[in-house]
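We count ligands from 1, going down the list as the structure has it; atoms in each ligand are counted the same way.
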Amino acid sequence: MAHSASNLQINSDRLWGTIHETAQFGATPKGGVRRLTLGPEDQKVRDWFRAACEAAGCTVHVDTLGTLYAIRPGRDMTMDPVGLGSHLDTQPTGGKFDGILGTLSALEVVRTLNDAGITTDAPLCIIDWTNEEGSRFAPAMMASAAYAGDFTTEDILSRRDADGISVGEALDAIGYRGKEAVGAVKLQNFVELHIEQGPILEAEGKTIGVVEHGQGVIWYDGVVTGFAGHAGATPMPLRRDGLAALSEVVLAVEALATALGPNAVGTIGEAVISHPSRNVVPGDLAFTLDLRSADAGVLDRLDEAVREKIAAIATRRNVAVELTQVWRKLPTHFNGKLVDAVETATRALGYSHRRITSGAGHDACNLANVMPAAMIFVPCKDGVSHNELEDATQADCTAGANVLLHTVLSLAGIAD
Ligand code: HGY
Ligand code: MN
Ligand code: MN
């Protein structure tokens, strides 16, 4: 008997409960979450998530990079599953919703279908992608990037954090280096729910963002080599001050991105003086550079202009600046049919919405290179994210999860 699921809704209180229950793993005093990938807190939330998926009738697979794939059977198990999910790792000063909303909403979709006794034609696969944030190990979205073939598994396993621990060692330390090859679990498509992490939806009073595009990204690791000297005895004209040079670089990145804006952004998120001391002129520093634009041409122009300006500053200040590119991702254009499916589900549910481009990178941006993929955004308070103040409303999270539910049902089909 065909089941009318058109008025099916997720269990809002249950979803809201899981968001706050899992926020305990890495909870910070300011109400945020610090759950760095492959650390002890990530292990706890992974254990929680795997147990919840198994209790919901899913079979959980773990691949070599620790990504979790929980498969809910469909009527026709010869069909590739519809993929839905996001990530559970956070920034060092992260919030309760970035990544977590999408992964837990995927679990809630399965729980809702179980409650309703609905079987889909195609299986579903809910996913927690390892290391989306890229804070502890670069690049960001590394596991979905490996799944999409942008990096080899060996390359990713060898990436090291600031303490010299490799991804492989961190996976072994928490018992999540799985047996399955990356890419072994096939998907027919992938849909990701995420907070917008920007101000547009809230400013326009829209509940849902139907995401069409994602920004391209270029990441560099940088090293400044100046010359340390006595803070009192070294005359100003003789200094080769690495921090002063980097300070000019920071302001140049800001000016160049602003000049190429509004479709360009540039950030130096990390800057470390090698041997800091209050009475030593800084010599050597390490830093990171993040450049983004939704327009490939603008991104290339920003990249070139920044590198030229850095070279000019280095020459004038008689310091060396070395840039190593660690990640380069072209802008994402999500699959038109899937984007339409998100919009159709949104309209049917009666939510206000608008089409939008993602400023942040997401696992769906990598999946979009190898299969039809789409994203659903909901507002976050003041557009704030990557900050412990990150917040969202239960109503908006529920709306996003309902759109996810109905988008997935339209893609997977309903058997009974
Ligand atoms: O960097 C990003 O855009 C994502 O938050 N990892
Ligand atoms: Mn995220
Ligand atoms: Mn993030």
Is the backbone of Glu192 close enough, under 3.5 Å, to the side chain of Ser86 for a donor and an acceptor to pair up by distance?
no
Does either side chain, that of Tyr351 or that of Asn402, offer a donor lying less than 3.5 Å from an acceptor on the other one?
yes
* Between Met141 and ligand 1, is there a nitrogen or oxygen pair with a distance under 3.5 Å? -> no
Here the atoms of ligand 1 under 4.0 Å from any heavy atom belonging to Ala360 are 3 (O)
### Message
Has Ser385 got a side-chain atom pairing as donor or acceptor with Gln197's backbone, closer than 3.5 angstrom?
### Response
no
Using modelled atom types only, decide if a donor and an acceptor are shared between the side chain of Arg35 and the backbone of Phe25 within a distance under 3.5 Å.
yes
The Mn ion (ligand 3) to nearest N/O/S of His386 below 2.8 Å | yes
Q.
Between Asn114 and Ala56 (side chain of the first, backbone of the second, donor and acceptor by atom type, cut-off under 3.5 Å), is there such a pair?
A. yes
Might you confirm whether atom CD of Glu322 has over 12 heavy atoms from other residues, nucleotides or ligands at distances under 6.0 Å?
-> no
query: Has Glu132 got an N, O or S atom lying less than 2.8 Å from the Mn ion (ligand 3)?
result: no
### Message
Check this for me - ligand 1, Glu132, N or O atoms closer than 3.5 angstrom, yes or no?
### Response
yes
Any Arg292 heavy atom less than 4.0 Å to ligand 1:
yes
Ala140 heavy atoms within 4.0 Å reach ligand 1 at atoms 6 (N)
Atoms of ligand 1 under 4.0 Å from any heavy atom of Gly361, numbered from 1 in the order shown, are 2 (C), 3 (O), 4 (C)
Q: Answer yes or no: does an N/O atom from His386 fall short of 3.5 Å to an N/O atom of ligand 1?
A: yes
* Please check if the side chain of Ser144 supplies one atom and the backbone of Leu367 the other of a donor-acceptor pair under 3.5 Å. => no
Among N, O or S atoms, Asp98 approaches the Mn ion (ligand 2) most closely through OD1
Near the Mn ion (ligand 2), is there an N/O/S atom from His194 that is less than 2.8 Å away?
yes
Under a plain distance cut-off of 3.5 Å, with no hydrogens placed, do Asp155 and Thr152 share a side-chain donor-acceptor pair? no
